[in-house]
Amino acid sequence: MPASYDVVVIGAGTGGYVAAIRAARLGKTVAVVEKQKSLGGTCLIWGCIPTKALLEHAHALKVIQAATEWGVTIPPGAPTIDMRQVHARKDKVVYGLTRGIELLFKKNKIDWIKGTARLAGGGRVDVVDGQTQTIQASEIVIATGSTPRGVPGIEMDRARIVTSDEAIHLAEIPRSLVVLGSGAVGVEFASIYRRFGSEVTIVELLPRLVPLEDEAISAELEKSFRKQGITVLTGTRVTRAAATADRVTVEAETGDGKIESLAADILLVATGRAPVTTGLGAEELGIRMERGYIRVDSLYRTSAPNVSAIGDVISVDGTAHPQLAHVSSAEGILVAERLAGREVRPLNYDHVPSCTYCDPEIGSVGLTEAEARARGYDVRVGSFPFGVLGRAKMAGETEGFVKIVADARYDEILGVHMIGPRSTELVAEAVLALRLECTVEELIRTIHPHPTFSEAVAEAAHATHGAAIHL
Ligand SMILES: Cc1cc2nc3c(=O)[nH]c(=O)nc-3n(C[C@H](O)[C@H](O)[C@H](O)COP(=O)(O)OP(=O)(O)OC[C@H]3O[C@@H](n4cnc5c(N)ncnc54)[C@H](O)[C@@H]3O)c2cc1C
């Protein structure tokens with residue numbers, strides 16, 4: 001008799017491990033199949049956590065580089081960064097968090113079954129780890145996540161032409177780095193390695209950086225990147241890249257048809273992530289797919305009975321789906337609750353916050369100004385620069401602004417977009433505002449503490465009504 005569980009989750013990323021814990025807390029017997037040596041998936045091992053650990057090192061260096069402004073005397077010579085210590089600290093943070101999930105599994109009596117899972121039909125899952133064992137599930141949750149996507153014609157040798165998986169482990173700071181793609185991953189690595197001292201060029205096919213953000217945010221980031229000495233090539237297509245033992249040459253065609261030739265130590269390809277379904281057996285079971293993603297309905301049911309899917313591997317009702325850790329976790333919680341018989345409602349993807357931890361950092365939620373206009377709203381916007389705030393001046397972090405997009409008719413807040421200090425933290429207030437269908441007036445009447453960066457949010461609300469106090 002195979003071991004039998006109420007719920008078997010395939011994949012222990014932020015989608016899968018959170019779904020497992022929630023299901024166990026709701027009384028289900030749960031097993032998680034994970035093929036990596038540690039739990040936590042992309043977010044903990046190659047993504048959110050290690051990249052942000054590197055960004056904290058970059059920030060530490062930034063503060064030290066400005067030592068004279070703070071009245072701190074540093075012996076002559078430019079401060080440098082020791083990559084061995086950077087990686088040691090990052091790895092310690094990652095290890096602590098992945099071990100933490102193992103302890104949570106023990107505490108919640110969740111079995112971690114090590115190996116690669118394959119759907120075998122009839123609620124059975126084969127797990128291969130040298131040998132094959134079969135487990136039985138009343139419900140299966142697929143949470144197999146995503147992997148870096150390549151670009152046709154560019155052969156990734158993972159040494160000179162790399163993905164984010166290798167870029168977080170570079171033993172030495174490259175003298176020069178070309179980043180292909182200016183989504184969250186691309187601009188974060190551009191920020192990290194520029195601060196560490198690399199010559200950085202970022203190449204984006206679309207006409208602006210972070211193309212999913214509000215246009216004003218893209219413009220502000222480009223201004224800041226240029227000021228930091230990052231070369232920005234937007235509207236530019238990489239046509240060829242070739243690696244030798246010690247160099248990469250990259251050929252790119254600009255919008256006006258000019259061919260640029262770039263040479264660098266490293267080319268980072270950061271052009272998005274593809275779903276992981278190879279060898280899973282989903283197609284063989286007749287599960288409906290969509291461009292390689294597992295298609296689910298708004299409650300994450302696949303086309304096969306008793307098989308759900310969440311996280312980076314899915315497409316919801318055929319629409320593009322944000323590949324973010326907090327989205328996968330929210331979906332994991334919802335699925336676990338549905339499987340436990342709780343009443344659940346579909347998530348509102350308009351209320352998903354997006355955080356990009358480049359320097360200056362970006363936090364946004366809801367509709368951009370262009371999206372709100374395209375949906376036919378009578379749009380009213382207001383923005384407020386961080387540079388005017390006392391708190392920002394004290395911190396020496398005066399770049400950026402908060403911008404609010406609202407509906408003029410009902411005064412409802414439709415979107416909040418910020419770039420500048422603590423934006424990835426400040427955005428949480430905006431998420432709540434959208435969730436509660438808050439009006440601009442209500443945000444104005446909400447007393448914000450002084451002196452804080454959050455005053456920029458309140459002032460942006462005032463500006464949306466045409467009258468910021470400190471402008
Ligand atoms: C560089 C980088 C930075 C990022 N930064 C952020 C950020 O700051 N904030 C944010 O919200 N998101 C960030 N992300 C995105 C985030 O990491 C993903 O959205 C999130 O990890 C998706 O979670 P998931 O559970 O769907 O899949 P994953 O985390 O990819 O987990 C899937 C797991 O399934 C396992 N698996 C796959 N197939 C099988 C199988 N057949 N059998 C057994 N196990 C299997 C894999 O080994 C993996 O552990 C970042 C991503 C990258 C690459």
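Atoms within each ligand, like the ligands themselves, are counted from 1 in listed order. The structure presented is a predicted model; accordingly, all values stated were derived computationally and were not measured.
- Neither the backbone nor the side chain of R118 has any atom closer than 4.0 Å to an atom of ligand 1 (non-hydrogen atoms only).
- Note that the CD1 atom of I81 and the CD atom of Q65 stand 9.0 Å from one another [nearest 0.5 Å].
- In this structure, K52 counts as a contact residue of ligand 1, since one of its heavy atoms falls inside 4.0 Å of the ligand.
- Judged by distance alone, the side chains of T134 and D126 do bring a donor and an acceptor atom under 3.5 Å apart.
- The closest side-chain donor-acceptor pair between D312 and S146 falls under 3.5 angstrom.
- On a distance-only criterion, E34 and ligand 1 share at least one N/O pair closer than 3.5 Å.
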Step by step, work out the salt bridge (Lys or Arg N to Asp or Glu O under 4.0 Å) result for E369 and K403. CA-CA 9 Å; E369 185 177 344; K403 171 176 173 178; 2.6 Å; yes
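- With contacts defined as side-chain heavy-atom distances shorter than 4.5 Å, the pair E397/R391 does not qualify.
- Between V352, D165, L54, T144, it is T144 that holds the heavy atom closest to atom 37 (C) of ligand 1.
- Between the side chain of E361 and the backbone N or O of C358 there is no donor-acceptor pair closer than 3.5 Å.
- Among all protein heavy atoms, the one lying closest to atom 27 (O) of ligand 1 is G145 CA, 3.1 Å.
- Near G311, the atoms of ligand 1 lying under 4.0 angstrom from a non-hydrogen atom of the residue are 26 (O).
- Of all atoms in ligand 1, listed by their number and element, those nearer than 4.0 Å to a heavy atom of Q36 are 47 (O).
- At least one N or O atom of H326, backbone or side chain, sits closer than 3.5 Å to an N or O atom of ligand 1.
- The closest non-hydrogen atom to atom 34 (O) of ligand 1, taken over G11, P353, A184, comes from G11.
- Within ligand 1, the atoms closer than 4.0 Å to a non-hydrogen atom of S164 are 1 (C), 53 (C), numbered from 1 in the order shown.
- Each of E222, Q228, E220, R226 was scored for a side chain to side chain donor-acceptor pair (under 3.5 Å) with S224, with one residue passing: Q228.
- Protein heavy atom closest to atom 31 (O) of ligand 1, with residue, atom name and distance, is G13 CA, 3.4 Å.
- For atom 36 (N) of ligand 1, the closest heavy atom belonging to the protein is K35 CE, 3.8 Å.
- Summary of contacts: the protein heavy atom closest to atom 53 (C) of ligand 1 is R273 NH1, 3.2 Å.
- The local environment of CD in E155 is sparse, with at most 12 non-hydrogen atoms from other residues, nucleotides or ligands closer than 6.0 Å.
- Backbone and side-chain nitrogen or oxygen atoms of A117 are examined, and one is located within less than 3.5 angstrom of a nitrogen or oxygen of ligand 1.
- Among the atoms of D312, some N or O lies under 3.5 angstrom from an N or O of ligand 1.
- Annotation: L324 places an N or O atom under 3.5 Å from an N or O atom of ligand 1; distance criterion only.
- Listed by atom number, the atoms of ligand 1 under 4.0 Å from Q323 heavy atoms are 15 (C), 19 (O).
- Below 4.0 Å from some heavy atom of I10 lie the following atoms of ligand 1, by number and element: 40 (C), 42 (N).
- Of all non-hydrogen atoms in R158 and T163, the two that sit nearest each other are NH1-OG1, 3.5 Å.
- With hydrogens left out, the protein atom closest to atom 12 (N) of ligand 1 is A325 N, 3.3 Å, a heavy atom.
- One side chain, T14 or S328, offers a donor N or O that lies under 3.5 Å from an acceptor on the other.
- The minimum heavy-atom distance linking H87 with I168 is given by the pair CE1-O, 3.0 Å.
- Considering backbone and side-chain atoms alike, E188 places every N or O at 3.5 Å or more from each N or O of ligand 1.
- Remark: R89 CZ is loosely packed, at most 12 non-hydrogen atoms of other residues, nucleotides or ligands lying under 6.0 Å away.
- Every atom of ligand 1 is numbered from 1 in the order shown, and the set under 4.0 Å from a heavy atom of T116 is 41 (N), 42 (N).
- Checking side-chain atoms of T236 against main-chain N and O of A252 turns up no donor-acceptor pair under 3.5 Å.
- In the vicinity of G47, heavy-atom distances shorter than 4.0 Å reach the ligand 1 atoms 1 (C), 2 (C), 3 (C), 4 (C), 52 (C).
- Remark: the Q136 side chain and the S4 side chain contain no N/O donor-acceptor pair separated by less than 3.5 Å.
- Protein heavy atom nearest atom 9 (N) of ligand 1, with residue, atom name and distance: C48 SG, 3.7 Å.
- Using bins of under 30°, 30° to 60° and over 60° for the plane-to-plane angle, the ring pair Y193/F189 lands in the parallel bin.
- Looking from atom 29 (O) of ligand 1 to the surrounding protein, the closest heavy atom is T42 N, 2.9 Å.
- Some N or O of T14 is nearer than 3.5 Å to an N or O of ligand 1, by distance alone.
- Here the heavy atom of the protein found nearest to atom 21 (O) of ligand 1 is C43 N, 3.3 Å.
- Near Y357, with a cut-off below 4.0 Å to any heavy atom, the atoms of ligand 1 are 8 (O).
- Contacts between C355 and ligand 1 below 4.0 angstrom, taking non-hydrogen atoms only, are absent altogether.
- Ring to ring, Y349 and H321 are close: their centroids are under 6.0 angstrom apart.
- Contact check for S218 versus P211: no side-chain heavy atoms found under the 4.5 Å cut-off.
- The closest approach between G115 and ligand 1 falls below 4.0 Å for a heavy atom of the residue.
- Below 3.5 Å of separation, one finds an N or O of G15 facing an N or O of ligand 1.
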